[in-house]
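One structure is given here, and the rest of the page talks about it.
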Amino acid sequence: AGEGMQITKTSQKNFPKTSLRSKNSRKKLSSRNLQIKFSKKILPALSISLTTIEADAKDIALVKDVLKLSPNAAVTINGEISAADANIIAKSETVAGAGAGALTATIKAGSVAATLKAIKDVKVGDVIKFKTTDTSVDASDLVDLAAKVDTLDASSVKTITSATEVDVVAALAIVEDANVTITGNVAVTGIKAILEATTGKVTATLDAGSAVDIAEALADDKVNAINV
């Protein structure tokens, strides 16, 4: 088969014997053959059941067409695809219900917030890689995206921001020793946990508390900007 999409099929109906087959294998299908058949508009007449689809990123449009026929197939994409395309494939498999295959893909580098919003239909079992280009990121967005993808490269992130202390410590487990900026008030116990989780600079305002508790929470040798 030529380069491009390779599909392993389990059954096929309603199309000629020469359709969707390469010269070298009865089980491997080239994107060129599929494109020829699709150009003849016979796609609606096909009825096939596939178990796996493997394709290059350049053939993503073709993959989405094939999934209309066989949404249970597991899909592997070689190369980077957009978050939107990843979500379309994941959603197709989700609609298929129990037994649907997983998506294995790398999403193009970008922002945490935009990617998280775009891949709302990515599910447990999908194997997604993503690298953010953000230097500053919201704590909750980072934690939620890390739960969605299998591999998250957040090495560009230098600052974690949040309106509250929620998810800040969890975000610091993903981006160790980042600076932290919290715009709202933070409990004394909360600031203590945050200070212990990073060597970066922490900027925050403390809730009212006892002088002893505040002194204990701020008992470190780091330069921070904590308003009391």
Side-chain angles (χ1 to χ4, degrees), residues 1-13 15-96 99-112 114-133 145-146 148-156:
E3 295 182 356
M5 183 158 67
Q6 301 293 317
I7 300 175
T8 301
K9 59 181 173 56
T10 57
S11 67
Q12 59 185 40
K13 299 176 183 177
F15 55 90
K17 292 182 179 179
T18 55
S19 298
L20 308 179
R21 290 179 180 169
S22 70
K23 294 180 180 179
N24 297 329
S25 172
R26 294 173 64 85
K27 293 185 178 181
K28 295 293 185 179
L29 315 175
S30 74
S31 60
R32 180 181 178 185
N33 287 341
L34 285 172
Q35 286 167 338
I36 290 172
K37 296 303 176 184
F38 289 167
S39 69
K40 293 180 180 179
K41 299 182 179 181
I42 68 168
L43 179 61
L46 299 182
S47 176
I48 60 179
S49 177
L50 308 175
T51 55
T52 61
I53 298 172
E54 182 175 359
D56 294 335
K58 63 183 177 62
D59 292 320
I60 194 66
L62 194 55
V63 172
K64 290 185 286 187
D65 281 338
V66 173
L67 280 173
K68 294 175 184 177
L69 296 172
S70 195
N72 286 325
V75 178
T76 299
I77 304 297
N78 301 312
E80 297 182 343
I81 61 175
S82 70
D85 282 335
N87 194 69
I88 289 171
I89 294 173
K91 184 175 182 179
S92 173
E93 294 170 334
T94 299
V95 171
L103 167 64
T104 301
T106 299
I107 293 175
K108 293 177 181 178
S111 78
V112 167
T115 301
L116 177 63
K117 182 178 180 180
I119 61 170
K120 61 181 181 179
D121 293 304
V122 167
K123 61 191 179 300
V124 174
D126 291 328
V127 182
I128 305 296
K129 294 182 179 180
F130 173 70
K131 180 177 182 179
T132 181
T133 55
L145 184 61
K148 276 272 189 182
V149 303
D150 189 69
T151 303
L152 173 60
D153 183 343
S155 56
S156 65

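The first residue of the sequence shown is numbered 1, and numbering continues consecutively from there. No hydrogens, no waters, no symmetry mates; every other heavy atom, side chains included, goes into these values.
Partners of T151 according to the side chain to side chain contact (heavy atoms under 4.5 Å, CB included) rule, which considers only residues two or more places apart in sequence or in another chain, are K129. Among residues two or more places apart in sequence or in another chain, the side chain to side chain contact (heavy atoms under 4.5 Å, CB included) test is passed with D153 by K131, S155. Annotation: salt bridge (charged side-chain N to carboxylate O under 4.0 Å, His left out) contacts of K117 (sequence neighbours excluded): none. Scanning for side chain to side chain donor-acceptor pair (under 3.5 Å) contacts around T132 gives D134, with sequence neighbours left out. Every residue two or more places apart in sequence or in another chain that forms a side chain to side chain donor-acceptor pair (under 3.5 Å) with D85 is listed here: K64, S82. In terms of the side chain to side chain contact (heavy atoms under 4.5 Å, CB included) criterion, A61 has no residue partners (sequence neighbours excluded).
Here the straight-line distance linking atom CD1 of I128 with atom OG1 of T106 works out to 8.0 Å at 0.5 Å rounding. Note that CG of N78 and CG of D59 are 10.0 Å apart. Values are rounded to the nearest 0.5 Å. Note that OG1 of T76 and CG of L103 are 8.0 Å apart. Values are rounded to the nearest 0.5 Å. If you take CD1 on I89 and CG on L67, they are separated by 6.0 Å, rounding to the nearest 0.5 Å. Taking OG1 of T104 as the start and CG of D126 as the end, the distance is 7.5 Å to the nearest 0.5 Å.
For the pairing with T115, the side-chain contact (heavy atoms from CB on, under 4.5 Å) check across L152, L145, N87 returns one residue only, L145.
Of all the heavy atoms in A84 and A118, the pair that sits closest is N-CB, 4.5 Å. When every heavy atom of A105 is checked against every heavy atom of I81, the shortest pair comes out as CB-CD1, 3.9 Å. Heavy-atom minimum distance, A83 versus I119: O-CG2, 3.7 Å. Between D121 and K91 the shortest heavy-atom distance is OD2-CD, 3.5 Å.
Remark: the backbone N or O of V122 is paired with a side-chain donor or acceptor of K148 at under 3.5 angstrom.
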